Number of protein chains: 4
Amino acid sequence: MQARSPTYDRILEAASAHFAERGYDGSSLTHIASAVGIRKPSLYAHFANKNALYMEVFKQALQQECAMVARCFDEEGGVATPGAGYADSLIARHASNEPLHFLLRTSYTPPAELRVAIDEGHERYLDLLHDTFCAKLRACVQAANLDDAAISQYGQAYVGIIDSLQVKLVYTDREQAAARWAVMQRLLADALEHATSKE
Amino acid sequence: MQARSPTYDRILEAASAHFAERGYDGSSLTHIASAVGIRKPSLYAHFANKNALYMEVFKQALQQECAMVARCFDEEGGVATPGAGYADSLIARHASNEPLHFLLRTSYTPPAELRVAIDEGHERYLDLLHDTFCAKLRACVQAANLDDAAISQYGQAYVGIIDSLQVKLVYTDREQAAARWAVMQRLLADALEHATSKE
Amino acid sequence: MQARSPTYDRILEAASAHFAERGYDGSSLTHIASAVGIRKPSLYAHFANKNALYMEVFKQALQQECAMVARCFDEEGGVATPGAGYADSLIARHASNEPLHFLLRTSYTPPAELRVAIDEGHERYLDLLHDTFCAKLRACVQAANLDDAAISQYGQAYVGIIDSLQVKLVYTDREQAAARWAVMQRLLADALEHATSKE
Amino acid sequence: MQARSPTYDRILEAASAHFAERGYDGSSLTHIASAVGIRKPSLYAHFANKNALYMEVFKQALQQECAMVARCFDEEGGVATPGAGYADSLIARHASNEPLHFLLRTSYTPPAELRVAIDEGHERYLDLLHDTFCAKLRACVQAANLDDAAISQYGQAYVGIIDSLQVKLVYTDREQAAARWAVMQRLLADALEHATSKE
DNA sequence: TATGAATGAGTTTTCATTCAT
DNA sequence: TATGAATGAAAACTCATTCAT
C-alpha cells in the first residue's frame, strides 16, 4: 500500500496534475486512473482512498518545496537581497511544476475535511521560509545592527512578498510574476539598505 | 429570470456563502436551495443553471468590491500611506463578508470551465486597484517629483501587497493579516518617503 | 377552456409541429409554449393538460384528413385509377403539412396511455378510406362485374398502398414517395384492368 | 464495455423490449435496469450512455433482421411469389419478436438526435430487401424476359408491400396483417404473371 | 388570459467505494 | 497488482402541474 513502484509514482504525478488544475472536488478518480492508463479500482491497490491519495500528493509536494527552500538559500551567493534565489526559483519552476502548482492551490483552498492537516503543513512551510530568511539575513548583513524583532519583521515581509508572488503565478503568467518580484524586491532592498545604513 | 425579488436575493446570499466556503464543485444546488428554504427545482425559476448562478454571484461580488475600492480611496483623508483605507477595510470586512471571501477564493482557484470569464473580471479589479492607487499617489504626494513609470511601479507594489494581504486573510485570520499589513505598509511608506525626499 | 381564440390556434399549430417531430414524450410543454411566445403555465388557460392538448391536435388532424379524403375523391374526375387524387394529394401536402405528419406518426406509435383513443380514430380514418375507395370503384367501373367481396379486396389493397406511401413519406422524401406511388399504382391498375376485362 | 457477458445480453434484451414498447423518450434507464434485476448505475459498466445502448439495440436488431432476410429468401422453395417466405416470416415472428418490433418502431419514428444514424441503417435494410428480391426474381422467372428496369420496379413494389405489411403489424394484429398480405400478394402475383406471360 | 414562483417526481449521469477474481 | 461488475448516494437538470395574482 505504501512501497514505491513505477505505477505508484505515475499515479502521484497524474493526481498532482489533476488536483492542481481542478481542485479536490473537481478531480475524479476515473480521470486520474485514465491518465495513468489503469482502471479506477486499481487505484485502491495503491491508496486507501481519495483523501489518502490527496494527502500523499500534498506531503510529497510539501517535502519537495521545503527541500527547495533549503537548497535555494544555501546556493545563493552574496546576492543583493536575501531570498532572491528562492524567488527566482519559484518563477522559473512554476509553469512546468505541477506539485508546486498543486501546493499553492490547496494551501489557499483546501478541501473542508482536510483543512486542518493542510493548514498545519502549509504553516510549517511558511515558518521554514521565515526562519530560513531570517537566518540568512542575520548572517549576511554587513552591520548586524538589527535586533531580533526587526529581523523577524523583515522575515514576515519576505513571506508576504513570496505570497504575493505565488498569487501572481497562480492566476497569471511568469512574466507578470517576474515584474512583480522586481518591484517588490526593490521595496525590500531599499528598506534593508535604509535600515542597515541608518547608524 | 432577471428582475430582483426577495427570493432572488436570498439565493444569491446563500450561494455566495456556499461557494465561498466550499468552492464551485463542492457546493450543491440542493444545499443552497435548502439554505434558502426552497426546493432545488425552484432555483431554476431564478437562474438558468449552476454556472449562471455562480457567475451572477461573481458579478455582484466584483461590483461591490470595485465600489468599495472607490469609496475607501475617496474617504481616506491624508493618511500616512495611500491605500491604507482600503487595506484596513479589507481586514475589517473579511470575516463577515461572504461576497468578499467568495471573490478572493474564486479569483485564485476559479472552476476550470469559468476560468476565462473570472480571470477577466479579476483583472478588471486589479487594474482598478492599480489605477486608483496611482491617481491617489499622484495627487497626494507633496513634491510631485515622481514620473509616471515610478508611480506605476508603486502601484504594482501596492497591488502585490493587497494580494499578499488577501492571501493571509484567506488562509488564516484577521490578526495575522493585520500584522502583515503593518509590516508591508512600513515597507511601502519607507520606500515612498525615501523616493520623495531624495531631492 | 375550449372556445377558439388566436392563441388557442397558435398553440395547436406549435404543438402539432413538436409532436410530429419528436413524439409525445419527446415534446415538452415548455418548448411548445416558447414556440408560441407564451409561458408554460399559460397553456393551462387553454388546455386541461398535456394529454388533452395532444388529443385535440389529434382530433383536428384527423378531421382535416378525413375531410381531405372526401374532397379528393369528389374532385378526381375519370382518373385512370380510383384514389389517385388522394394519393397525389398526400405526396403534395406532406412536406409542409405538420398535422398530416403528426397523424402518421402518432398512428404508428401512439403514447401508451392514449393508445385506445388514437387507435380508434385511426381506424375510422382507414375505414373511411376503404369505403370511399370502394364506392368510387363501384361507381366508376365500366363493367360493374365485380362482386362486393372483390371490391372490398381492392379497397384493402388501396389502403395498404396508401399505408406504404405514407411510410415512405414519413421516413424519406417526396420524390421517393412519388416513385413508389407510380409503381404501386401500376400494380393496382393492372389488377383492376385484368379483373374487369376478364369476362 | 464491449465484450459479451450474460448481463450485457440481458440488458440488450430488456432495453429492446422497453424501447419497442415505449420508444426512446418513453423508456427510462431505471426501468430497464430494474427489468434486468440490477441498479441503474450498473448499466454504465456496460454501455457508455442511453444513446449508446439504444444504438447497440438497433445495430443488433438490424443485423438479425438482415440475416433473416437472407435466410428466408434462401430457404423459400419454388413459391408462388418471390419474397413470400420473408413476408410470412414477418407475420409469424412479429408478436413474439421484440427486436423486430423495435426495429419497425424506431425506423418509422427515430429519436430526433439519432435520426441520421438510424435512417442510414434502415436504408441499408431496405436496399438489401430490394436487391435480394430482385436477385430471386431474376433467378426464378421462367422466361427471363424482364429487363433490369422492370425487375427493379417489381423490387420497389415488393418493398412497398413489405412496408405496408409492417405498418399493419405495428398498429394492429397478426390476422389483419395476414389478410393484407394475401391481398397484396395477389396484386404482385397477378402483375408478375401478366408480365412474364405477355410474350 | 397570462404569469412568476414553486414543487414532487422523475430524468440521465457521475462519483467513490467494494468485492470476487 | 489489476479489473469487471456492481452499487448507494448524490449530482444537475427537466417535467407537468398548481396556485395566487
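Because the structure is predicted, anything quoted here is derived from the model rather than measured. Residue numbers start from 1 in every chain, and the chains themselves are labelled A, B, ... in the order their sequence lines are given, proteins ahead of strands.
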With a 4.5 Å limit on heavy-atom distance, are the side chains of D:H122 and D:L103 in contact? no
Gap between atoms [atom1] and [atom2], on [X] and [N] respectively (whole Å):
| X | N | atom1 | atom2 | result |
| --- | --- | --- | --- | --- |
| D:R10 | F:dA5 | CZ | P | 13 Å |
| B:D25 | E:dA16 | CG | C1' | 15 Å |
| B:Y8 | E:dA6 | OH | P | 14 Å |
| B:N49 | F:dC15 | CG | C1' | 17 Å |
| B:L43 | F:dC13 | CG | P | 10 Å |
| B:F47 | F:dT14 | CZ | C1' | 18 Å |
| B:I38 | E:dG4 | CD1 | P | 16 Å |
| A:Y44 | E:dC19 | OH | C1' | 13 Å |

Just jot down the salt bridge (charged side-chain N to carboxylate O under 4.0 Å, His left out) partners of A:D25, sequence neighbours excluded, or say none. none
Does a side-chain N or O of [X] approach OP1 or OP2 of [N] to a distance below 4.0 Å, or not?
| X | N | answer |
| --- | --- | --- |
| B:H46 | E:dG4 | no |
| C:S42 | E:dT1 | no |
| D:T7 | F:dA6 | yes |

Candidates F:dG4, F:dT1, E:dA16 - which lies nearest the side chain of A:R39: F:dG4
Qualifying residues under side-chain contact (heavy atoms from CB on, under 4.5 Å), relative to [X], sequence neighbours excluded:
| X | answer |
| --- | --- |
| B:T30 | B:S28, B:K40 |
| D:Q63 | D:K59 |
| D:A52 | D:A48, D:N49 |
| D:S34 | none |

For DNA chain E, just give me the dot-bracket, please: Watson-Crick or G-U, both distances below 3.5 Å, ( ) intra-strand, [ ] crossing earlier pairs, | paired with another strand, . unpaired. .||||||||||||||||||||
Under 3.5 Å between N/O atoms: give me all the protein pairs with nucleotides 9-11 of chain F, atom names plus distance.
unit_1 : atom_1 : unit_2 : atom_2 : d
F:dA11 : OP1    : B:S28  : OG     : 3.2

Which donor-acceptor pairs under 3.5 Å do the side chains of residues 10-21 of chain C make with protein atoms, sequence neighbours left out?
unit_1 : atom_1 : unit_2 : atom_2 : d
C:R10  : NH2    : C:V36  : O      : 2.5
C:H18  : ND1    : C:A14  : O      : 3.1

Sorted by position of nearest nucleotide on DNA chain F, 5' first, the leading residue of D:I11 and B:Y24 is D:I11
What do you reckon, is CZ of C:R22 surrounded by more than 12 foreign heavy atoms closer than 6.0 Å? no
Apply ring pair (Phe, Tyr, Trp, His ring centres under 6.0 Å) to A:Y24 and list each qualifying residue two or more places apart in sequence or on a separate chain. A:Y54
